[in-house]
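One structure is given here, and the rest of the page talks about it.
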Amino acid sequence: MVNLPRKFTTIPINFIPKQFLKYQQQQVPSQRTQPFIPFSELQNQRNLLESELISALNGCTSLIQIQQTHARILRKGLDQCCYIITKLVRSLTKIEIPMESYAKLVFNQVKYPNPFLWTALIRGYCLQGLVRESVFVYISMRKENTLPVSFTFSALFKACSTVLDVNLGRQIHAQTILIGGFDNDLYVKNSLIEMYVKLGFLECGRKVFAELPERDLISWTELIVAYAKIGDMESAGELFGQLPLKDMVAWTAMVTGYAQNAMPREALELFERMQNEGVKTDEVTLVGVISACAQLGAAKYSNWIRDIVVNLGIDPTRCVVVGSALIDMYSKCGNVEDAYKVFEAMEEKNVFSYSSMIAGFAMHGCAYAALKLFREMVNMGIKPNRVTFIAVLTACSHSRMVEQGRQIFASMEEKFGISPGVDHYACMVDLLGRAGLLEDALKLVETMPIEPNEGVWGALLGSCRTYSNPDIAQIAANHLFELEPNAIGNYILLSNIYASAGRWNDVSMVRKLMREKGLRKNPGCSWLEVKKGVIEEFFAGDMAHPRSGEMKHVLEHLLNRLKAIGYEPNMNSVAYDVNDEEKRRILITHSEKLALAFGLLSINADCPIRIMKNIRMCEDCHSFMCGVSQITGRVIIVRDNLRFHHFHDGKCSCGNFW
DNA sequence: TTAGGGTTAG
């Protein structure tokens, strides 16, 4: 017998319902034993007919078809054949006919139900979310002295994880021990591990795993996934390393685990190893890889993955998950046109595909397209979820569509029955704040029915920077310093707001606070994809690049040409109390300007210059990019920490509002 | 008849 984890031994035995214990160790033969029919006779008479009816049931996709087949079963006198009735119950479950209205009635007509038929009923209830009912069926089954089989327990464990009931799970675990004979049963044990880890009792799952005399790949993979889900990729990696034979699913679990835990480089490295070791990949593996590429956001990865998808013969128009992942990746890699091409071609679209596309449009400043798609989605009868609303509200926010945003926010609860969460409030604060309605935004924060989090106060602080409001900024910053005392960005924002208001004493105070906490500013950094696969990195103020002489020359030349058409450096973008000359020097060596200069020197005139950067672009760099796109005729695409800016012919896709 | 899948905000 397995030693249960300590938690189990503390459960008093009377915790298990009487009905369970009554049958403890009972080995009484069933009172309702099926009359003996010689196997050969069965075979001769029924085999052909049975297999024909089974395949008919397998093919049923509607209630009418099942009813017709059922009528045939009755005509042929096979209504007592457990094998066929089990199949009938499963078919009914599959098309989601309520158990009470059909399956239960059919079951009640069978005089000698076997364990598989009982189990089909248990599974049916469980899949329809009626877990208590499925347990009652189990109790009745035991009353009838029918011994459960492996599948009975895997169904019951699944039921427990569906309703998040670990106590019930423990009782059923106790049943497997009381009845006995399941110690080496991997179906049961793997379902048990799955239940524990899904309910958050990873250590219990681990213990069951440790006590298994033999383990299969499924037990290992269950645990790897469990560790990945709680973000412990180290433990997942250790288990994966110990795994004697790894299959595609185990590899995929690791790749996906890295992707889901914001470790895209590790995900891609592992995927490369997987390919080198000759492991097959399928669309599920690719979804993890695509998500990793999206996080890296570089066009080179999007080209690379497109080739892999094509080579594997996967058709994104027919696989809604791959399609949605691709939409997200293309958007995040700066290519919203390709994202839309994938979206348009998809045969099936669901809430994920729509939400990803709406978020993609929002990210690129295409608010009208985002709203149009949202309306289309609703008209198509696809119910938006919480994520969809975040995407739509972000789109409104980035395009100053206050009224539309307010209406959509109100419709969440009224029309779609989704109560706005703290993130939706953060979007609304951002929407009002970006539109300059700082008082309204503050009022919303103070009156919202849930506790504002760092996202809400952060949105308010960000708006205070745009509209230079040091008073409200101070309120927001005080909350933020409590909520996330070590987040450097808040100190920098507040200090910049004070700087642009000329309150240099307050600036020194914030800087002192940062020093005391030992916080150091993240240096501004930009990346430029020079050619396929080659990425150059530039830091603000860093003139150590081998070609910095040429870059400086390019920038000075551009500056003179821009000045001739009215551009003036924006001194407010420098948050240091230094003289104007120094401010000009700091501005012209911002990392994205260095990247732009290098791009102009090294990228063909017909190709867009794609720059990525780690922090928000300042006003000066933004107007500089607009000007350069005008005087050089080049397309410049900059991805900052939040979104994309497409500069073309003197204008930016964000409408100077970001 | 047990294992791996996509969208989120300052």
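Sequence lines set the chain letters: A, B, ... in the order given, protein chains first and strands last, and positions in each chain run from 1. Only heavy atoms go into these numbers, but all of them, side chains included; no hydrogens, no water, no symmetry mates.
At dT7(B), none of the side-chain N or O atoms of R386(A) fall inside 4.0 Å of OP1 or OP2 (strictly under the cut-off). In this model, the phosphate group of dG5(B) is approached by a side-chain N or O of K229(A) to a distance below 4.0 Å at OP1 or OP2. Taking only side-chain nitrogens and oxygens, H479(A) never comes nearer than 4.0 Å to OP1 or OP2 of dG10(B). Regarding contacts with the backbone of dT8(B), a side-chain N or O of K332(A) is found under 4.0 angstrom from either OP1 or OP2. One finds no side-chain N or O of K246(A) lying less than 4.0 angstrom from the OP1 or OP2 phosphate oxygen of dG4(B).
Among dT7(B), dG6(B), dG10(B), the nucleotide with an atom closest to any side-chain atom of N385(A) is dT7(B). Closest approach to the E283(A) side chain among dG10(B), dT1(B), dG5(B) is made by dG5(B) (side chain taken as heavy atoms from C-beta onward). You'll find that the side chain of H398(A) is closest to dG10(B), out of dG4(B), dG6(B), dG10(B).
For dG6(B), the base has no donor-acceptor partner in the side chain of Q260(A) [N/O atoms by modelled type, under 3.5 angstrom]. Interface remark: the S191(A) side chain does not form any donor-acceptor pair with the dT2(B) base, using a distance-only criterion of under 3.5 Å.
In this structure the side chain of D338(A) never reaches within 4.5 angstrom of the side chain of S331(A), judged on heavy atoms. At a threshold of 4.5 Å between non-hydrogen side-chain atoms, the residues T285(A) and M248(A) count as touching.
Distance, L286(A) CG to dG4(B) P: 18 Å, rounded to whole Å.
In this structure, F151(A) and F116(A) have tilted ring planes: the angle between them lies in the 30° to 60° band.
Paired with E283(A) under the rule side-chain contact (heavy atoms from CB on, under 4.5 Å), one option of V321(A), D315(A), I290(A), I314(A) passes, and it is I314(A).
Base engagement by V387(A) is indicated by at least one non-hydrogen atom pair under 4.0 Å involving a base atom.
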